[in-house]
Amino acid sequence: MLSAFLFTCLATVLGALAVGALLRRSNGLRGGLALGAVAGLLGSLTTMVPLKYCVLDPENHMFFRLSVLGQTITVNAVAVIGILLVMAVTWAFALAIDRLRHHWPARGGTVWQADTAPGTFVGYDFSPWIFLAPTVVGLAVFTYYPAAQNFFLGTQLARRGVANTVFNCLDNFASLITSRLQDAHYYILSDGNIWHAENARYLAVFGNSVFFSLFIVLVANALGIAIALLASQKIRGASIYRTLMIWPYAISGVVVGVVFALLLGGGGSGFLNQTLRLLGLQPLPFLSDPWWARASVVAAAAWNKLGFNVLIYVAALQAVPRELLEAASIDGANAWKRFLNVTIPMISPYIFLVVFLNLNYSFFDLYAVIDNLTEGGPVNATTNLVVDVIRVGVESRDIGKAAAQSIVLFMVVVGLTYMQFRVMGRRVTYGAD
């Protein structure tokens, strides 16, 4: 069993190695190792001291089984969650320290030192901080403090309607990947499975969220660009058509769910199934089959966001310089090549914005659509992360576990946003240069 001192030392060494390897090009190997060591020390202390190093206490252990290449081992779920948490905080400290170091004035001044010019006195200008104070205080009181409180609530055994709470370390987080009643079993390249999990309900919910986010973004953006191209044509009454296409965005998620439930209603009672019957075709299980139900949620959500996407893309297409399209046409480029090589690069900032907003919508704002269309069924096939948070926190009254799930949801969205800015942001073209 590791002691608190050895755990801190191990986190410091691992932080130094990880950050040093990732930042060796920008900071040099020595600088990266030093930065990683400091970040690893701060990350370990910041996470483990408030938790009283409970991940090292055998009484807080929860386990799952992991099979890799036919070899099965038992893994401490609480320790895994603790290590992942320390790694996340360590990486956050490393990025913060690296940014501060690169933005620090070159001549050893302070971050609030005013720019100097000939004939002026050298002094310190606090006015930016005075003007920023209301925003900083507001964010601290209404955003950062509640977020910290939510994390500490995730470490409590708390029930809605019950005043007493009990500290239970990271059990609420660990219970998402295993259970005290029935351990989860994960297979990786084992027993013919590349990846398979048993008794891992939350993993299936996570998979549903990834499925929805991927296909909602793809469908809503592909249709949005296609309709925007048609709506951008110079035809009589184009402004009326554009206004009508924006209307679905003004409809709430509750109404969208109800409308699509009437269209796709189960038992063949929906409008589409009635139409299929009139055509002599068999009705489709839109809401009773897991895959059809997922497709129905994607269709409803994509339709709800389509108006907003069309609005943004119409504005983007109108901003594309006609001279570039005419020059490409003179060079022999057909319509498809002009679209790929001229239009798409020119509207890439708008695509980046819309993908970012659609991604956040697919993770945070699908509850109303799912609750009124499928109610999370059949057999939890359309239950995503935000629906599960509400079910656990409101219906099951388990506030502690719901808080843990909300933290996981937040970290997932932050990670996806970071990756989007790192990968997609580099391919965005600003201007016609």
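Just so you know, residue 1 is the first one in the sequence shown, and it goes up from there.
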Hey, are the side chains of I225 and L229 touching, using non-hydrogen atoms and a 4.5 Å cut-off? yes
Modelled atom types, side-chain donor and acceptor of N380 and R391, under 3.5 Å: yes
Does L263 reach the side chain of F286, with side-chain heavy atoms less than 4.5 Å apart? no
Counting N and O atoms only, with roles assigned by atom type, does the side chain of T155 sit under 3.5 Å from a partner on the main chain of F152, one being a donor and the other an acceptor? yes
Under 3.5 Å, is there a donor-acceptor pair between the side chain of N168 and the main chain of D171? no
Can you tell me how far apart CH2 (W195) and CD1 (I188) are? Round to the nearest 0.5 Å. 4.5 Å
Would you say S44's side chain and L41's backbone share a donor-acceptor pair under 3.5 angstrom? no
More than 12 heavy atoms from other groups under 6.0 Å of CD on Q318: yes
Kindly determine whether S232 and Y313 satisfy side-chain hydrogen bond (donor to acceptor under 3.5 Å, both in side chains), including the steps that lead there. CA-CA 9 Å; S232 297; Y313 286 135; over 6 Å; no
Exceeds 12 heavy-atom contacts within 6.0 angstrom, atom CZ of F364: yes
Interatomic distance, SG@C54 vs CG@L51, rounded to 0.5 Å, equals 5.0 Å
With heavy-atom distances below 4.5 Å as the criterion, would you say the side chains of M62 and I177 are in contact? no
For the residue pair F173 and F151, categorise the inter-ring angle as parallel (less than 30°), tilted (30 to 60°) or perpendicular (more than 60°). tilted
Worked check of ring-ring contact (aromatic ring centres under 6.0 Å, His included) between F64 and Y186: CA-CA 8 Å; F64 64 87; Y186 297 91; 5.3 Å; yes
If you look at every heavy atom in V19 and G32, which pair is closest and at what distance? CG1-O, 3.7 Å
State whether the number of non-hydrogen atoms from other residues, nucleotides or ligands found under 6.0 Å of Y145 atom OH is greater than 12. no
Stepwise side chain to side chain contact (heavy atoms under 4.5 Å, CB included) check, S252 with V255: CA-CA 5 Å; S252 69; V255 177; 3.4 Å; yes
Just do the ring-ring contact (aromatic ring centres under 6.0 Å, His included) check on W291 and F211 with the steps written out, would you? CA-CA 11 Å; W291 287 105; F211 178 89; 5.8 Å; yes
Atom CZ of F410: over 12 foreign heavy atoms under 6.0 Å: no
Any donor-acceptor pair under 3.5 Å linking the side chain of T374 with the backbone of T382? no
Let me confirm one number: the CG-CG distance from L366 to N304, rounded to the nearest 0.5 Å. 9.0 Å
Mark yes or no for whether D398, through its side chain, and V392, through its backbone, hold a donor-acceptor pair below 3.5 Å. no
Yes or no on side chain to side chain contact (heavy atoms under 4.5 Å, CB included) for C169 and V78, after CA distance, side-chain angles and deciding distance? CA-CA 8 Å; C169 192; V78 176; 4.1 Å; yes
Using modelled atom types only, decide if a donor and an acceptor are shared between the side chain of D98 and the backbone of A94 within a distance under 3.5 Å. no
Quick check against the 3.5 Å criterion: does N360 have a side-chain atom that pairs as donor or acceptor with the backbone of F356? yes
Is it the case that over 12 heavy atoms from other parts of the model lie below 6.0 angstrom from the CH2 atom of W91? yes
Test D388 against R201 for salt bridge (Lys or Arg N to Asp or Glu O under 4.0 Å), laying out the working first. CA-CA 11 Å; D388 206 43; R201 176 185 170 278; 2.6 Å; yes
Note: V310 and A228 closest approach over all heavy atoms is O-CB, 4.1 Å
What's the separation between atom CG in N208 and atom CG in N384, rounded to the nearest 0.5 Å? 7.5 Å
Counting neighbours of CZ on F206 that are heavy atoms of other residues, nucleotides or ligands and sit closer than 6.0 Å, is the number greater than 12? no
Determine the minimum heavy-atom distance between V369 and A300, stating which atoms define it. CG1-CB, 3.9 Å
Value for CZ (F63) from NE2 (H61), rounded to nearest 0.5 Å, stands at 6.0 Å
Assess whether side-chain hydrogen bond (donor to acceptor under 3.5 Å, both in side chains) is satisfied between N150 and S406, documenting all intermediate values. CA-CA 8 Å; N150 191 47; S406 67; 2.8 Å; yes
Would you check if V408 and L385 make a side-chain contact, meaning some heavy-atom pair closer than 4.5 Å? no
State whether the side chain of N193 and the backbone N or O of L189 hold a donor-acceptor pair below 3.5 Å, judged by distance alone. no
Looking only at non-hydrogen atoms, find the nearest pair between A381 and R294 and report the distance. O-NE, 2.9 Å
Could you give me the CA-CA distance, side-chain angles and deciding distance for V297 and F260, then say whether side chain to side chain contact (heavy atoms under 4.5 Å, CB included) is met? CA-CA 9 Å; V297 171; F260 271 79; over 6 Å; no
Please confirm whether the backbone N or O of A220 pairs with a side-chain atom of N309, one donor and one acceptor, at under 3.5 Å? yes
Passes side-chain hydrogen bond (donor to acceptor under 3.5 Å, both in side chains), S67 versus T72? Steps please. CA-CA 4 Å; S67 293; T72 301; 2.6 Å; yes
Taking everything shown except E198 itself, do over 12 heavy atoms lie less than 6.0 Å from its CD? yes
Is the shortest heavy-atom distance from the side chain of I83 to the side chain of M87 under 4.5 Å? yes
Could you give me the CA-CA distance, side-chain angles and deciding distance for F363 and F212, then say whether ring-ring contact (aromatic ring centres under 6.0 Å, His included) is met? CA-CA 8 Å; F363 272 98; F212 289 143; 9.9 Å; no
Side chain to side chain contact (heavy atoms under 4.5 Å, CB included) between Q420 and F352: does it pass, once the steps are laid out? CA-CA 9 Å; Q420 181 184 356; F352 181 76; 3.9 Å; yes
Do side-chain atoms of T165 reach the backbone of Q156 as a donor and acceptor pair under 3.5 angstrom? no
Test item: S288 and P378 side chains (from C-beta on) under 4.5 Å apart, heavy atoms: no
Taking all non-hydrogen atoms of both residues into account, name the closest pair between R160 and V394 and its distance. NH2-O, 2.8 Å
Atom pair CD1 (I216) and CG (N221), whose distance is rounded to the nearest 0.5 Å: 11.5 Å
Would K305 pass as a cation-pi partner of Y361, given that its NZ or CZ must be under 6.0 Å from the six-membered ring centre and within 45 degrees of the axis? yes
Look at atom CD1 of I194 and say whether more than 12 heavy atoms of other residues, nucleotides or ligands are closer to it than 6.0 Å. no
What pair of heavy atoms forms the shortest contact from T90 to G15, and how long is it? CG2-CA, 4.2 Å
